[in-house]
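To start, the structure itself, in structure tokens.
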Amino acid sequence: MELRALSSILACGMAVPERILTNADLEKLVETSDKWITERTGIKERHILRQGEVISTYAVQASREALKQASLKPEDLNLILCATLTPDFLMPSLSILVQKELGAVKAGAFDLSATCSGFLYALTVADQFIRNNPNWKILVIGAEALSRKTNWRDRSTCVLFGDGAGAVILGASENQSGIIDFILGADGSNWSLLTLKGGGSAYPPFDPELPEEEYFIKMQGREVFKIAVRMMEKIALELLERNGLSSSDLSLVIPHQANLRIIEYLRERLELPQDKVFVNIHKYGNTSAASIPIALCEAEREGRLKKGDLLLMVSFGGGFTFAGVLMRW
């Protein structure tokens, strides 16, 4: 089938838990300090689910906000794609719970797992549907509850993660806006540097022979940092080069919010001023697949994105996965 339509982001929404965990709060849990956390990560606070809360609640809230902004009803949706590695349940999927709560009775629904690159992976999958079905409207969500997979005794990881959800509506572009190009990639050669083994079929729940720490996120930070900065730079430069662009053509870069030092390294390599790279990691920490859609929504709210702007979104995640999307707003 001939590809016919560019796909464009019609609207976005976000939602985060009310509970805020500050660096000062973490000082009471582990041997750390606000100064140590801020200097190494750029994070000051993060939003965390309360006891009894579930991430589907915030995925639904973000989705309803996006639908309202797009002036669409749930029954207008043809597909719901949810990027997450921390769904409420293994079955049913998070996207099915969202479909049910919204009442999106005409939409198919499935989850996608590509760790922190998940939202961009899901966005590019949705893009292919729109290009072949220009009348479709697709809800793309990034939602994570990483606090439920965090070892609060491990000071090297517990300072990093937060919870939240972001959502966008993707549809056919009526002008020259839309997704121009993308890169999806993976490299499993260093998978053991960042893991969450417990709960999988190789590490089943409640196995008394498995160490407790395998049920939480484990990371070798220095090695992950080296891979992350290399991947982020490579993706950004490749997307620009193959589209005949330079970094000066970009209006805004929205990187995955994992670590401020990684973001700053990318900004310096692209030779961009600070106002051309969006940063909100200080407020939310690393929310994995929710990171970019939350940042995207905030950037639009703050007037950082205007019609015709050239936007680059770039991410990396455990596995390792990496992704970049170049689009005209």
Side-chain angles (χ1 to χ4, degrees), residues 17 19 21 25-26 28-32 37 40-41 43 46-59 82-97 110-119 121 142-165 186-228 256 258-259 285-291 315-322:
R19 181 188 176 193
L21 189 70
D25 294 327
L26 286 170
K28 302 171 186 176
L29 297 177
V30 291
E31 186 180 347
T32 190
I37 298 169
R40 285 161 178 78
T41 70
I43 301 168
R46 65 289 290 148
H47 291 250
I48 300 294
L49 291 175
R50 296 183 187 277
Q51 184 69 29
E53 286 191 311
V54 288
I55 197 59
S56 60
T57 300
Y58 296 95
C82 189
T84 185
L85 61 90
T86 52
D88 291 6
F89 314 111
L90 290 180
M91 183 175 67
S93 67
L94 185 55
S95 58
I96 287 291
L97 298 178
F110 67 92
D111 286 2
L112 182 154
S113 179
T115 58
C116 302
S117 303
F119 175 76
Y121 265 67
E144 297 286 16
L146 292 181
S147 67
R148 299 288 165 83
K149 301 296 182 180
T150 295
N151 183 350
W152 295 104
R153 296 187 297 273
D154 178 5
R155 74 168 190 160
S156 66
T157 58
C158 74
V159 303
L160 300 175
F161 302 113
D163 304 332
D187 178 6
S189 62
N190 291 300
W191 69 269
S192 60
L193 298 177
L194 179 53
T195 61
L196 176 55
K197 296 178 182 177
S201 59
Y203 282 72
F206 314 120
D207 187 333
E209 296 184 6
L210 293 178
E212 184 184 63
E213 60 266 23
E214 296 294 358
Y215 291 91
F216 300 109
I217 297 167
K218 294 177 67 177
M219 181 173 67
Q220 298 181 41
R222 289 185 179 180
E223 289 76 11
V224 171
F225 181 92
K226 293 174 185 177
I227 294 171
H256 169 46
N259 184 298
N286 180 350
T287 55
S288 186
S291 159
S315 186
F316 75 94
F320 284 83
T321 64
F322 50 95

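Remember, it's a predicted structure, so these values are computed and weren't measured experimentally.
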Which heavy atom of A143 sits nearest to which heavy atom of T84, and what is that distance? O-OG1, 2.7 Å
Nearest heavy atoms of I55 and A145, plus distance in Å: CB-CB, 3.9 Å
Non-hydrogen atoms of A83 and A289 that approach each other most closely: O-CB, 3.6 Å
Flag the pair L85 / L146 as yes when at least one side-chain heavy-atom distance between them is below 4.5 Å, and no otherwise. yes
Find the distance between CG (L49) and CG (L21) and round it off to the nearest 0.5 Å. 12.0 Å
Without placing hydrogens or testing angles, list every side-chain donor-acceptor pair under 3.5 Å for residues 189-196, not counting sequence neighbours.
| from | atom 1 | to | atom 2 | distance (Å) |
| --- | --- | --- | --- | --- |
| S189 | OG | D187 | OD1 | 2.7 |
| S189 | OG | D187 | OD2 | 3.3 |

Check side-chain hydrogen bond (donor to acceptor under 3.5 Å, both in side chains) between Y121 and all other residues, then give those that pass, not counting sequence neighbours. none
Any side-chain heavy atom of R46 within less than 4.5 Å of one from L26? yes
CG-CZ distance between D163 and R148, expressed to the nearest 0.5 angstrom: 7.0 Å
Can you find a pair of side-chain heavy atoms, one from F316 and one from H256, that are under 4.5 Å apart? yes
Going from CD1 on I48 to OG1 on T150, what distance comes out if it is rounded to the nearest 0.5 angstrom? 7.0 Å
Gap between atom OG1 of T157 and atom CG of N286 - 0.5 Å precision: 11.0 Å
What's the spacing between F89 CZ and S56 OG if we round to 0.5 Å? 7.0 Å
Under a 4.5 Å cut-off applied to non-hydrogen side-chain atoms, are V224 and F320 in contact? yes
Any side-chain heavy-atom pair from I217 and F161 closer than 4.5 angstrom? yes
So do Y58 and E53 actually touch side chain to side chain, heavy atoms under 4.5 Å? yes
Tightest non-hydrogen contact, residues C82 and S95, listed as CB-CB, 3.9 Å
Drop me the distance from L94's CG to E144's CD, to the nearest 0.5 angstrom. 9.0 Å
Considering only heavy atoms from C-beta outward, does the side chain of I96 approach that of M91 to under 4.5 Å? no
If you take all heavy atoms of P211 and Y215, which pair is closest and at what distance? O-CD1, 3.8 Å
I'd like to know if the side chain of R155 and the backbone of V30 have a donor-acceptor N/O pair within less than 3.5 Å. no
Which residue pairs satisfy the salt bridge (Lys or Arg N to Asp or Glu O under 4.0 Å) criterion with at least one member in residues 196-220, sequence neighbours excluded? R153-E212, E214-K218
Please report the closest heavy-atom contact between C116 and S315, naming both atoms and the distance. O-OG, 3.0 Å
With distance as the sole test, does D88 use its side chain to make a donor-acceptor pair with the main-chain N or O of V54 at under 3.5 Å? no
Do L160 and T41 touch side chain to side chain, with heavy atoms closer than 4.5 Å? yes
